[in-house]
2 protein chains.
Amino acid sequence: MNVSEIYTSIPLGDGSTHAHTSTWVASTLRQEIAEGRLLPGSKLSEQALSSALGVSRNTLREGFTLLDSDLIISRIPNRGVFVASPDAADIREIYAVRRTIEPAALAWGPKLDIDELSRIIGQARAAAEAGNITLMADANQQFHETIVRATGSAHLLELMSRVLAKMRLVFHAMSDAPDFHSHYVSRNSSLVDLLSAGQRMKAADTLQDYLNTAEAELLDHYESSQLR
Amino acid sequence: MNVSEIYTSIPLGDGSTHAHTSTWVASTLRQEIAEGRLLPGSKLSEQALSSALGVSRNTLREGFTLLDSDLIISRIPNRGVFVASPDAADIREIYAVRRTIEPAALAWGPKLDIDELSRIIGQARAAAEAGNITLMADANQQFHETIVRATGSAHLLELMSRVLAKMRLVFHAMSDAPDFHSHYVSRNSSLVDLLSAGQRMKAADTLQDYLNTAEAELLDHYESSQLR
DNA sequence: AAACGCATATTGTTCAACAATCTTTCTTGG
DNA sequence: CCAAGAAAGATTGTTGAACAATATGCGTTT
């Protein structure tokens with residue numbers, strides 16, 4: 001499916017008044033991008049998109065501004081708006097954020113919900129046995145969001161979800177990415193074991209090791225997929 | 001100085017083309033707010049501001065959208081845009097972010113620059129002896145930004161500077177705030193001593209204590225200033 | 001004094017136009 | 001034939017005006 005087909009396949013607004021049309025535009029595009037229907041590098045033409053969405057160019061631009069802070073598009077002055085295509089530097093940035101926030105949440109977060117983490121792991125295990133990779137990926141994302149929620153900060157949670165959204169773009173850009181998620185189930189599980197034993201600092205250190213490993217694996221796969 | 005006076009005192013653009021006019025608008029307003037010329041709660045009228053800045057309403061709105069992600073304005077649908085007036089919940093949120101990011105940066109940040117921290121403390125001490133509170137506040141902010149820079153993440157640094165910008169709003173809202181900065185110089189100094197001794201984890205714990213104390217002091221002062 | 005309704009003002013959105021900048025194509029000279 | 005440069009075309013950046021939707025303020029009524 002190419003870009004112009006996407007344009008026409010995006011459902012139009014139903015004519016009812018949205019709280020903010022620009023907000024609706026942003027969330028619509030966010031969803032299209034998150035689900036991989038708009039691939040990294042695609043150009044988002046103002047004229048084509050505004051008519052496809054049934055909004056004016058001005059309103060579309062306001063939506064672009066909103067998405068810009070979501071890190072999933074890149075605006076190049078006088079050139080246009082493109083779906084972000086993460087590179088190695090972006091991957092390193094993503095993991096720099098995660099290496100800071102997530103271990104801190106495990107070590108010191110005042111609202112750590114171990115039962116919830118445990119519950120999510122159960123779901124992931126079920127998904128793994130059913131062979132449902134999408135569900136496993138969802139569970140993995142939930143797991144890490146729950147960790148960040150322990151900080152009690154809405155801003156950190158928001159930053160984390162933006163970072164995870166960009167992470168999805170990385171996977172979309174590397175369509176032949178192997179199944180990174182499956183062997184993280186047991187890792188997450190051992191994290192919960194440590195937490196249940198009250199060893200929060202050790203859990204934080206362990207998570208850092210995991211994140212380092214994951215980053216290296218992703219970078220490795222990215223480099224080799226760039227050579228082709 | 002009331003709001004309408006502010007409008008006319010904002011310097012107009014020089015007619016030359018800015019890279020992005022909306023970006024220029026946002027940074028201009030950001031500065032006005034940061035320096036306390038636009039106080040928390042002030043309404044930012046589209047008509048008045050657009051003519052005062054010499055830009056169209058559409059462009060001003062794009063600027064508003066940019067500022068919205070900066071946390072220093074609040075947009076109320078069909079009501080308008082106001083300079084954010086932080087409340088107790090905002091203060092708690094600010095410190096939830098700081099308690100997570102800053103100790104993590106001290107404990108694990110790969111790019112910790114102890115010499116730079118030490119240099120900044122020197123400046124703060126000089127400012128304290130000269131009795132220059134503004135310079136002390138600047139040095140304090142620099143100190144904490146340098147800490148976050150140790151994470152190696154641009155996004156975390158950006159979030160931190162947004163949080164510190166909102167922090168300035170808190171102080172502007174409490175015009176009679178006592179001098180919170182002066183007794184933090186020695187605290188920062190003892191942090192650097194711990195770091196120099198290689199005791200990063202102890203420094204992280206100490207910083208958390210400091211942040212908890214500061215949050216409690218601020219909340220206390222906020223509550224009492226609300227009663228009047 | 002409280003509640004209602006109307007006039008007014010402000011924000012939300014669209015449209016059409018033009019300026020600024022980039023991209024493509026075509027010409028020209030070597 | 002190829003490279004450099006100029007003109008033409010397309011896209012983004014910004015503006016001003018217009019209208020709809022919503023909120024505000026003010027008088028009237030009870």
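From a predicted model like this one, the values you see are computed outputs, not experimental measurements. Chain identifiers are assigned alphabetically (A, B, ...) following the order of the sequence lines, protein sequences preceding nucleic acid strands; residue numbering begins at 1 within each chain.
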Please report the interatomic distance CG(Asp87(A)) to CD(Glu93(A)), rounded to the nearest 0.5 Å.
11.0 Å
Tell me every residue that passes side chain to side chain donor-acceptor pair (under 3.5 Å) with Gln31(B), counting only those two or more places apart in sequence or in another chain.
Glu35(B)
With sequence neighbours excluded, tell me which residues meet side chain to side chain donor-acceptor pair (under 3.5 Å) with Arg162(A).
Glu158(A)
Between Ser161(A) and Glu145(A), is any side-chain donor less than 3.5 angstrom from a side-chain acceptor?
no
Measuring only between side-chain heavy atoms, which start at C-beta, is Val170(B) closer than 4.5 Å to Ile91(B)?
yes
Would one find more than 12 heavy atoms of other residues, nucleotides or ligands at under 6.0 Å from atom CD of Glu217(B)?
yes
With the criterion being N/O to N/O and under 3.5 Å, what pairs connect the protein with nucleotides 5-10 of chain C, and how long is each?
none

Atom-pair distance ([atom1] on [X]; [atom2] on [N]), nearest Å:
X	N	atom1	atom2	value
Trp24(A)	dG12(C)	CH2	P	18 Å
Leu60(B)	dT15(D)	CG	C1'	13 Å
Arg61(A)	dT14(C)	CZ	C1'	15 Å
Phe82(A)	dT11(D)	CZ	C1'	10 Å
Ile76(B)	dT11(C)	CD1	P	12 Å

Can you run down the ring-ring contact (aromatic ring centres under 6.0 Å, His included) pairs that involve residues 54-99 of chain A, sequence neighbours left out, and say none if there aren't any?
none
Residue pairs fulfilling ring-ring contact (aromatic ring centres under 6.0 Å, His included) with at least one residue in residues 138-158 of chain A, sequence neighbours excluded
none
For nucleotides 15-17 of chain C, which of its nitrogen or oxygen atoms have a protein nitrogen or oxygen under 3.5 Å away, and what is each distance?
{"from": "dC15(C)", "atom 1": "N4", "to": "Asn58(A)", "atom 2": "ND2", "distance (Å)": "2.3"}

If only side-chain N and O atoms of Thr59(B) are considered, is one of them under 4.0 Å from the OP1 or OP2 phosphate oxygen of dT15(D)?
yes
